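This report concerns only the one structure given below.
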Amino acid sequence: MHSLQATDPEIHDLIRKEERRQASTIRLIPSENYASRAVMEATGSVLTNKYSEGYAGKRYYEGQEFIDQIEEIAIARAKALFGAQHANVQPYSGSPANQAVYVALLVPGDTVMGLSLPFGGHLTHGWKVNFSGIQYRAVQYEVHPETHRIDLDQVADLARRERPKIIFAGGTAYPRIWDFEGFGRIASEVGAVLVADIAHISGLVASGVHPHPFPHAPIVTTTTHKTLRGPRGGMILSDGTYAKQIDRAVFPGLQGGPHNHTTAAIAVALKEAATEEFRQYSRQIVANARALAAALLERGFRLISGGTDNHLILIDVTPRGINGKPAARALQKAGIECNYNTIPFDPRKPFDPSGLRIGTPAITSRGLLEGHMAQIADWMDRALRACEDDEKLAAIREEIAEFCTDFPAPGIRVE
Ligand code: DSN
């Protein structure tokens with residue numbers, strides 16, 4: 001990054017520091033990953049210079065001969081990887097992708113249904129402070145009070161009572177399999193459109209490690225940077241039924257020019273995700289999460305729903321005499337990055353909740369295997385026992401930095 005260094009040493013140095021931070025810590029935030037060098041090269045290309053409002057063959061600016069090809073390649077790869085009839089690769093990220101679905105299918109005031117945010121849903125599935133809960137009539141399902149799993153009977157009762165036009169299946173802190181087939185049956189019964197938001201699990205779905213939302217959900221939304229390991233972006237995939245409405249909602253309904261550099265990087269990530277190597281990576285994410293969950297249980301951690309089927313684990317840390325926020329801070333000091341999170345029926349506030357959310361996509365990208373998970377659980381256990389002791393936390397951080405040198409982070413060249 002010589003040009004950046006010469007033009008803006010301040011920003012250059014901060015990026016270098018962030019690079020070293022990402023390389024020398026154990027990153028357990030389940031929505032984060034390490035994009036490949038190839039993905040980042042596409043993101044950092046001249047495509048950022050170009051405006052392309054519209055869609056291939058129908059743009060409002062000249063000079064689209066290469067941009068059109070790039071977007072068409074991204075669309076073709078998305079359709080092939082997910083078995084979709086239609087793909088829109090222009091949404092700027094997951095929230096705009098979901099917003100486009102609202103604009104495509106609903107008018108303000110219509111009823112939508114989704115998993116409540118504090119129970120593991122997403123802001124855009126009808127949470128009260130989000131556009132989805134402000135402009136639409138949102139009804140929210142929760143998880144079962146004992147199993148902490150989604151209870152399809154409860155979902156069906158709510159859907160029959162409230163008759164939503166859209167039902168969202170998907171979330172950000174749900175460690176179990178989504179039964180898209182079961183959701184599809186409920187949606188059909190009440191005349192709702194099922195939207196599967198697979199942002200967290202799209203890499204797992206693409207690899208066949210998590211059940212597929214097609215044909216149960218006609219519309220599937222996703223980000224591209226989580227388990228899919230692409231650039232920060234979004235996509236809407238569908239069975240084609242609502243293709244025109246979706247395209248119109250993204251542009252001109254909500255967005256202007258697509259981020260062509262992101263579109264190209266999405267195309268690269270989709271090519272990477274279509275390989276056997278990526279399928280193996282996805283299987284390893286889940287194997288690592290299961291091994292990490294088992295190692296945490298052995299050390300007395302309380303896991304929501306008792307474990308995991310996917311890439312993430314939700315921990316109630318309060319039985320250890322600590323809350324989520326100070327626990328996340330202590331782990332951060334020890335070189336383990338995660339986020340504090342609400343747990344189902346959390347008696348505490350979202351900004352100071354009872355839980356921690358962790359996951360294995362990023363560490364699996366570095367090549368960590370099941371055998372390494374006991375070590376991570378051990379560091380977490382030690383860090384939470386020593387949460388007031390900065391010296392002990394710093395010592396763990398050093399051990400972790402040393403450990404990380406054996407597992408180079410994809411996309412990062414640390415000098
Ligand atoms: N911010 C994402 C996550 O961390 O799960 C959801 O949008």
Side-chain angles (χ1 to χ4, degrees), residues 15 18-44 77-78 81-82 89 91-95 97 122 170-175 197-207 209-210 221-235 261-262 264-275 277-289 292 308 310-313 332 335-339 341 357-369 372-373 376 400 404 407-414:
I15 293 176
E18 173 64 11
E19 231 170 25
R20 280 196 289 276
R21 195 191 67 77
Q22 290 191 17
S24 63
T25 52
I26 298 274
R27 297 175 56 235
L28 294 180
I29 295 176
S31 47
E32 295 185 359
N33 212 328
Y34 295 98
S36 71
R37 202 81 205 164
V39 164
M40 288 196 287
E41 282 174 10
T43 309
R77 288 181 184 167
L81 187 66
F82 289 97
V89 296
Y92 297 140
S93 198
S95 294
H122 188 254
T172 60
Y174 187 63
D197 179 343
I198 61 167
H200 263 257
I201 54 172
S202 52
L204 307 183
V205 168
S207 303
V209 176
H210 185 287
T221 60
T222 185
T223 51
T224 50
H225 47 272
K226 297 186 175 92
T227 48
L228 197 58
R229 212 162 59 177
R232 299 193 80 91
M235 298 194 293
H261 53 302
T262 302
I266 288 173
V268 176
L270 291 167
K271 182 173 184 184
E272 291 175 350
T275 59
E277 191 186 344
F278 188 86
R279 283 189 281 278
Q280 175 50 32
Y281 161 66
S282 301
R283 288 191 284 272
Q284 193 61 53
I285 289 178
V286 177
N288 283 351
L292 183 54
T308 182
N310 59 22
H311 63 301
L312 80 81
I313 299 165
Q332 166 70 21
I336 296 172
E337 204 182 329
C338 63
N339 65 276
N341 214 95
R357 187 184 69 150
I358 62 172
T360 53
I363 54 171
T364 307
S365 288
R366 300 184 78 148
L368 270 66
L369 301 170
H372 300 114
M373 297 303 119
I376 292 180
I400 287 178
C404 284
F407 299 95
I412 302 182
R413 292 185 201 121
V414 180

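Here, residue 1 is the first one in the sequence, and each next residue gets the next number. Keep in mind that this is a model prediction, so the values were computed, not measured.
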Beyond-backbone contact of R366 with I26, side-chain heavy atoms, under 4.5 angstrom: no
All side-chain contact (heavy atoms from CB on, under 4.5 Å) counterparts of R232, not counting sequence neighbours: H225
Could you tell me which non-hydrogen atom of Q284 sits nearest to which non-hydrogen atom of L368, and how far apart they are? CG-O, 4.1 Å
How many angstroms lie between atom CD1 of I29 and atom CZ of R357, to the nearest 0.5 angstrom? 7.5 Å
V39 side chain reached by E272 side chain, heavy atoms, under 4.5 Å: yes
Applying side-chain contact (heavy atoms from CB on, under 4.5 Å), can you list everything that pairs with S282, at least two apart in sequence or on another chain? L204, S207, V209, F278
Of all heavy-atom pairs between A35 and G230, which one has the smallest distance, and what is that distance? CB-O, 3.9 Å
Using a 3.5 Å distance criterion without hydrogens, assess whether the side chain of T224 forms a donor-acceptor pair with backbone atoms of G233. yes
Could you measure the distance from the CG atom of L369 to the OG1 atom of T364? Nearest 0.5 Å is fine. 8.5 Å
Mind checking side-chain contact (heavy atoms from CB on, under 4.5 Å) for R37 and listing every partner two or more places apart, or none if nothing turns up? M40, E41, R413
Can you tell me how far apart CD1 (I358) and SG (C338) are? Round to the nearest 0.5 Å. 7.0 Å
Considering all heavy atoms, the nearest N341-N339 contact: OD1-ND2, 3.2 Å
For the student: nearest non-hydrogen atoms of T227 and P361, plus distance: CG2-CG, 3.8 Å
Aromatic rings F407 and H372: how do their planes relate, parallel, tilted or perpendicular, breaks at 30° and 60°? perpendicular
The criterion is side chain to side chain donor-acceptor pair (under 3.5 Å); which residues satisfy it with Y281, sequence neighbours excluded? N33, S365
Candidate pair K226 and E32, rule side chain to side chain contact (heavy atoms under 4.5 Å, CB included), full reasoning: CA-CA 5 Å; K226 297 186 175 92; E32 295 185 359; over 6 Å; no
Smallest heavy-atom separation, P231 atom then T262 atom, equals CG-O, 3.7 Å
Give a yes or no on whether the backbone of N310 and the side-chain of T308 come within a donor-acceptor separation of less than 3.5 Å. yes
Let me see the working for S31 and H200 under side chain to side chain contact (heavy atoms under 4.5 Å, CB included), right down to the final yes or no. CA-CA 6 Å; S31 47; H200 263 257; 3.8 Å; yes
Do you know which two heavy atoms are closest between R229 and A269, and how far apart they sit? O-CB, 4.3 Å
Let me confirm one number: the CD1-OG1 distance from I198 to T221, rounded to the nearest 0.5 Å. 7.5 Å
Atom pair CZ/OG1 of R27 and T360 - distance to nearest 0.5 Å: 13.0 Å
Could you tell me which residues satisfy side-chain contact (heavy atoms from CB on, under 4.5 Å) with H122, sequence neighbours excluded, listed by chain and number? S95, N98, T124, H125, T172
Checking the side chain of T223 only, and the main-chain atoms of S93 only, is there a donor and an acceptor separated by less than 3.5 Å? no
For the CG atom of L292 and the CD1 atom of I363, what is their distance to the nearest 0.5 Å? 6.0 Å
Show your reasoning for whether side chain to side chain contact (heavy atoms under 4.5 Å, CB included) applies to C404 and T25. CA-CA 7 Å; C404 284; T25 52; 5.9 Å; no
If the condition is ring-ring contact (aromatic ring centres under 6.0 Å, His included), which residues does Y34 pass it with, not counting sequence neighbours? none
Are the side chain of R77 and the backbone of A267 linked by a donor-acceptor contact shorter than 3.5 Å? yes
Any chance you could lay out the side chain to side chain contact (heavy atoms under 4.5 Å, CB included) test for M235 and L270, step after step, and finish with the verdict? CA-CA 12 Å; M235 298 194 293; L270 291 167; 4.2 Å; yes
